[in-house]
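To keep things clear, I will list the structure first and then write my remarks on it.
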Amino acid sequence: MSTITTTRDAVYVEVLQFYARQMRRLDERNLAEYAGTFTEDGQFGTSAQSEPVRTRAKLLDFLVEFHKQFEAEPVQRRHHFTMVDVEPQDDGTIRSTCYALVTIVRPGAMPKARSSCVVHDVLVREGDGLRTRSRHVEID
Amino acid sequence: MSTITTTRDAVYVEVLQFYARQMRRLDERNLAEYAGTFTEDGQFGTSAQSEPVRTRAKLLDFLVEFHKQFEAEPVQRRHHFTMVDVEPQDDGTIRSTCYALVTIVRPGAMPKARSSCVVHDVLVREGDGLRTRSRHVEID
Amino acid sequence: MSTITTTRDAVYVEVLQFYARQMRRLDERNLAEYAGTFTEDGQFGTSAQSEPVRTRAKLLDFLVEFHKQFEAEPVQRRHHFTMVDVEPQDDGTIRSTCYALVTIVRPGAMPKARSSCVVHDVLVREGDGLRTRSRHVEID
């Protein structure tokens, strides 16, 4: 096994680990911590928005606003990222594409699939870990 | 890539592999084999129970009892563990936290999401593999 | 950590990466590309068929025929492979068993779980990557 293979595998595992912590923060509504998994200039967009949100600070505002809908209606969301496809780039960034199956549970009810998406990320290394520089979510 | 990184990655992959076999045993109702993936003194609890079940022998009793509900109503359960977050500890144990999306299929019907959970495990190395020393399941 | 451990881990990660790209091709209806992830003599069967489809060419015919049902009814399918269990064999082939949760989304509707399956693959190394030599899908 070549060194290149080993490095690619290490990056793959790092991305899985990164996603697990990143999305649990969102699902647990630690919004500032979730925003902190993006770079300072990070951007986030979806196929339902005309323009992406730019910068970590504005992402946090966006998230706080978005989550107000759950105040009146308690619901536990879970983002299940599956089928992760990691492509390290020559410039040191990492392209990662995966499926997201978002489930919701209302108190006393059974879970429902809320949305199915394809997530397109550009991840970068900052300090001792990864951060999302840009995320574009295509909603099925 | 440092040796430490490589070891962490190896543990991560080992945990994914362990979960795949462990939970297929449960879903296929190989209850004794599933109980065998816990340590002798292993414990299992959920947010729906006041006290965890302690020891592998009592876990097996608990599982046999629990599965009686499926005798009258044939149903195939599947435990999908996603978003695995692995934290090797200094004492050699491994903390692992993940989501579990449990689906059920009744004969001739489409699958349903039955429950959404967060699984909190402490895994230990025994012989040539991993075992669960404790599992606490928070049901959403 | 021994070399053997490292190699097993590398194969595990390679299989996850392979599945992510393979199944996105199917879900995006790149049927020729998906068929190309099978070996020339590859075979594909399910518990709903009496005989597996043999050869890549016939698999492509089968897929084209199968997908005609979606012409009249637009639907986005997603294959979520989870709980991947990889067993490298002494002959160089790789046995891989996993769960597949297939979701569908109709325009404007919420996703539904369409089927739950156990996928039994034999993968082989060809050129610089993996290919599926045989796939048997047990539908729950």
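Letters A, B, ... are given to chains in the order of the sequence lines, protein chains preceding strands, and every chain is numbered from 1.
Within the 4.5 angstrom heavy-atom criterion, only backbone atoms of Val84(C) (N, CA, C, O) approach chain B. Heavy atoms of Gln76(B) lying under 4.5 Å from chain C belong exclusively to its side chain. In this structure, the portions of Arg24(B) lying under 4.5 Å from any heavy atom of chain C include both its backbone and its side chain. Proximity to chain C is absent for every atom of Ile104(B), based on heavy atoms less than 4.5 angstrom apart. Neither the backbone nor the side chain of Val102(C) comes within less than 4.5 Å of any heavy atom of chain B.
Under the 4.5 Å side-chain criterion, counting only non-hydrogen atoms from C-beta, Val13(C) is in contact with Val13(B). Looking at Glu87(C) and Arg21(B), their side chains come closer than 4.5 Å, going by heavy atoms from C-beta outward. No side-chain heavy atom of Arg78(B) sits less than 4.5 Å from a side-chain heavy atom of Leu101(C). Considering only heavy atoms from C-beta on, Asp9(C) stays 4.5 Å or farther from Asp9(B) through its side chain. Counting heavy atoms from C-beta on, the side chains of Tyr12(C) and Leu16(B) come closer than 4.5 Å.
In this structure, a donor-acceptor pair under 3.5 Å is present between the side chains of Tyr99(C) and Asp27(B).
Under a cut-off of 6.0 angstrom, the local environment of CZ in Arg29(B) is crowded, with over 12 non-hydrogen atoms contributed by other residues, nucleotides or ligands. Within 6.0 Å of the CZ atom in Arg114(B), the count of heavy atoms belonging to other residues, nucleotides or ligands does not exceed 12. Other residues, nucleotides and ligands contribute only 12 or fewer heavy atoms inside 6.0 Å of the CZ atom of Arg133(B).
To the nearest 0.5 Å, the span separating NE2 on His80(B) from NE2 on His80(C) amounts to 10.0 Å.
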Quick one: do Met23(B) and Met83(C) satisfy side-chain contact (heavy atoms from CB on, under 4.5 Å)? Show the steps, please.
-> CA-CA 8 Å; Met23(B) 299 313 293; Met83(C) 306 309 264; 3.5 Å; yes

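Nearest heavy atoms, Val105(B) versus Asp140(C): CG1-O, 3.8 Å. Across every non-hydrogen atom of Ser116(C) and Pro111(B), the tightest pair is N-CG, 3.6 Å.
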